[in-house]
Enquirer: 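Could you have a look at this structure, given as structure tokens, before my questions?
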Amino acid sequence: MNRIVVGAASALALALAVGCGGGGQGATTAAGKSEIGGGKSISTGEMPGGAKVKAEAADAFTQAVNDFKQHEQARDWDDAVCTSVAKAFLAAGRAQGGKFPAAHYNAGIALVHCGKDGEASSEFDIALSEGRELNAGKKDPEFHQAWVQKALIRFRKGDVPGITDAINLIMTKGFAEDATANVEAFVNLGMLYRERWNRDEKNPDRTKADDYGYKDDLERSQFWLQNALSINDSFMPAYNQLALFYLDKARAVGAKNAAKAKKVAKADEQTLELGLLVSEEASRRDTEYAGIWNTQGLILLELGRTGVATGAFRKATEKDSKFFEAWMNYAAINLSFRSFDEAAKGYKAAAGIRPKDYDAKLGLGVATRGELDYHLTQKVKIENLESRCAGNGDDPACRALNPQQAEQAKKEHTSKLLDLYKGALADYEECIKLDGGRPEAYFDRALLVEKYKSNVGIGSNADGYLEAAKLYDEVGQKFSGNPNPAWAKVAEDAKKNAGYAREAAEPPKVKTPPAAKGSAAPAGSAAPASSGATPK
């Protein structure tokens with residue numbers, strides 16, 4: 001019988017996440033992270049048009065900047081902190097008693113750190129408007145950064161057309177008269193061209209030569225990133241994006257070479273090594289920049305150096321405990337090693353950062369199920385050894401068996417089983433609440449019930465099998481014929497598993513030999529199904 005036993009997510013591929021920096025969940029998307037940049041200072045004591053900053057406004061502004069830097073260093077941004085810092089900048093604006101564009105801009109930057117893009121966009125609009133008014137209608141040279149931030153807000157909506165919209169907004173409005181003053185525009189253009197290369201394959205502009213002679217988005221990405229570093233060779237986001245560029249280029253070169261040779265695509269190793277050199281140089285320049293460690297892990301993993309990659313992802317989480325992508329990567333690579341406790345640690349941290357992220361919750365359920373399986377297997381091993389050793393003192397393993405220690409170990413494993421089962425079940429049910437249109441959690445919930453419900457002490461084997469069959473039926477009915485081939489395959493697997501589970505729920509039929517001639521013995525009855533603690 002070709003039994004399907006692997007859950008829809010229990011053999012998770014390493015869906016590794018790209019992130020450019022640490023923290024700031026509002027600055028991330030599923031595919032990458034934009035560079036927020038820092039707030040503005042007022043070192044000259046003047047604003048656009050030569051307006052003077054009042055002493056009390058400057059003091060309040062400086063205190064707000066110090067608060068901003070403190071939270072940026074601590075990476076402790078949350079809704080309350082973002083709102084508080086934004087209010088501090090706006091209070092400086094009120095102290096000015098008039099227009100104060102830098103206060104609104106910095107308030108927007110603080111709000112972006114917590115994903116409050118709508119509120120942030122309003123503050124950027126006010127900064128732009130006040131800057132123009134203070135300049136008496138002249139071209140605004142001061143807040144080109146605000147246009148970059150508005151472009152990134154458009155990008156973070158997550159739709160593919162938004163990538164090109166953001167590129168166009170930066171290209172038309174994101175540069176000052178002195179373009180060297182806006183290195184953030186350079187870096188984010190590099191990031192956006194990478195994003196379009198990876199996510200917008202049907203866009204003809206992706207592979208169209210531009211007026212500067214760059215033939216595709218990868219070449220354009222490289223141009224902007226290298227120019228950013230030529231302006232500021234210590235700007236870590238530029239290093240990080242350049243390393244990611246080499247990762248993308250290595251994959252593109254590998255795919256092209258594989259197509260020519262009709263082989264399976266493999267990233268170009270020489271190009272990967274260039275990306276690794278960039279990431280290593282960056283990590284030496286600033287060991288505290290979390291994003292470069294995550295990028296280094298991605299490159300190392302592509303090179304097949306999984307052990308070192310794991311260490312890089314772990315270092316990224318140590319530098320920034322709120323770095324969602326790094327935690328997801330750390331968890332995924334540990335799951336592939338069957339290091340379920342570390343995988344659960346990573347997914348739990350990621351789910352804490354983004355409680356409504358389906359994949360983080362799903363991964364936590366899978367890792368928890370792996371932990372459950374470990375404790376159940378260890379308990380069964382002890383029980384099997386005890387059974388084998390009953391009355392047998394000749395077996396060396398039996399002579400080494402300490403009954404008291406064995407009993408204590410069984411208790412410890414048993415105490416874990418029910419909690420882990422309930423935890424995994426809760427994770428899957430939370431996934432279903434978050435997105436009932438995806439099949440993975442439905443399937444994995446059914447598998448969890450089938451394999452473990454009776455083994456953690458809830459009902460009989462038959463009860464577990466029958467409940468699992470109903471849950472598998474639900475998956476089959478809900479996702480059968482789904483236009484997504486992978487989801488339709490999950491539905492077909494669920495239908496098969498439902499049948500197997502119902503078969504397993506039936507007690508074994510025992511054939512009773514015919515009674516001896518002249519015997520009055522009644523016909524035998526079928527033996528009851530066993531309810532031992534062995535894994536199904």
Side-chain angles (χ1 to χ4, degrees), residues 6 9-20 30-33 160 163 190-203 206-207 214-223 225-226 239-283 291-316 325-326 328-339 343 346 359 363 484-486 489:
V6 178
S10 59
L12 281 175
L14 295 185
L16 296 172
V18 175
C20 305
K33 182 176 291 185
V160 172
I163 303 171
M191 179 273 296
L192 288 165
Y193 280 122
R194 279 187 47 253
E195 286 294 303
R196 193 166 73 176
W197 174 265
N198 287 319
R199 296 171 54 197
D200 197 4
E201 294 183 0
K202 295 181 180 179
N203 190 331
R206 174 179 176 268
T207 54
Y214 299 106
K215 67 179 183 180
D216 57 34
D217 280 351
L218 277 182
E219 285 196 0
R220 284 182 277 274
S221 176
Q222 184 179 24
F223 167 79
L225 295 171
Q226 289 180 335
Y239 276 108
N240 192 45
Q241 285 294 329
L242 187 60
L244 288 168
F245 156 78
Y246 280 116
L247 177 60
D248 286 343
K249 184 177 179 181
R251 290 167 175 166
V253 172
K256 185 176 181 180
N257 292 340
K260 288 181 179 178
K262 296 183 179 180
K263 294 181 179 179
V264 177
K266 184 179 179 182
D268 181 66
E269 188 170 332
Q270 186 175 1
T271 309
L272 287 173
E273 291 289 354
L274 288 173
L276 185 59
L277 284 173
V278 171
S279 73
E280 289 174 341
E281 170 63 19
S283 64
I292 201 65
W293 294 109
N294 184 62
T295 298
Q296 195 170 117
L298 293 169
I299 295 171
L300 287 164
L301 189 65
E302 198 83 27
L303 284 164
R305 305 174 195 174
T306 52
V308 192
T310 305
F313 292 136
R314 183 178 60 250
K315 188 162 288 189
E325 292 92 345
M328 290 291 284
N329 291 343
Y330 179 75
I333 200 168
N334 274 286
L335 189 65
S336 72
F337 293 150
R338 299 182 66 81
S339 179
D359 291 311
N484 183 328
K489 177 64 165 57

Enquirer: To the nearest 0.5 Å, what is the distance between NZ (K315) and CD (Q296)?
Expert: 8.5 Å
Enquirer: Got a donor-acceptor contact below 3.5 angstrom from the R251 side chain to the A267 backbone?
Expert: no
Enquirer: Can you name the closest pair of heavy atoms from T310 and F337 and give their distance?
Expert: OG1-CE1, 3.6 Å
Enquirer: CD of Q241 to OG of S221: how many Å apart, nearest 0.5 Å?
Expert: 7.0 Å
Enquirer: Can you see which heavy atom on R206 is nearest to which on R196, and at what distance?
Expert: CD-O, 3.7 Å
Enquirer: Kindly say whether S279 contributes a backbone atom to a donor-acceptor pair with the side chain of S283 at under 3.5 angstrom?
Expert: yes
Enquirer: Strictly below 4.0 Å, N to O, side chains only: are E273 and R305 in salt-bridge contact?
Expert: yes
Enquirer: Please find the pair of heavy atoms, one from I292 and one from A282, that lie closest to each other, and give the distance.
Expert: CG1-CB, 3.5 Å
Enquirer: Looking at E281, I want to see if its CD is surrounded by more than 12 non-hydrogen atoms of other residues, nucleotides or ligands under 6.0 Å.
Expert: yes
Enquirer: Please identify which of these residues, D216, D200, D248, D217, meets the salt bridge (charged side-chain N to carboxylate O under 4.0 Å, His left out) condition with R194.
Expert: D248
Enquirer: What heavy-atom pair brings G297 and F313 nearest, and what distance separates the two atoms?
Expert: C-CZ, 3.4 Å
Enquirer: Determine the minimum heavy-atom distance between Y246 and G275, stating which atoms define it.
Expert: CB-CA, 3.5 Å
Enquirer: Would you compute the distance between atom CE of M191 and atom CG of L244 and round it to the nearest 0.5 angstrom?
Expert: 10.5 Å
Enquirer: For the atom pair NZ (K263) and CG (N257), what is the distance rounded to the nearest 0.5 Å?
Expert: 10.0 Å
Enquirer: What is the minimum heavy-atom distance between A326 and N294, and which atoms define it?
Expert: CA-OD1, 3.5 Å
Enquirer: side-chain contact (heavy atoms from CB on, under 4.5 Å) for L247 and T295? Distances and angles first, verdict last.
Expert: CA-CA 9 Å; L247 177 60; T295 298; 5.9 Å; no
Enquirer: Side-chain contact test, heavy atoms from C-beta onward, threshold under 4.5 Å: evaluate it for W197 versus T207 and give yes or no.
Expert: yes
Enquirer: Any side-chain to backbone donor/acceptor pair from R220 onto Y214? Under 3.5 Å, distance only.
Expert: yes
Enquirer: Quick check for you: to the nearest 0.5 Å, what is the distance between N198 atom CG and L218 atom CG?
Expert: 7.5 Å
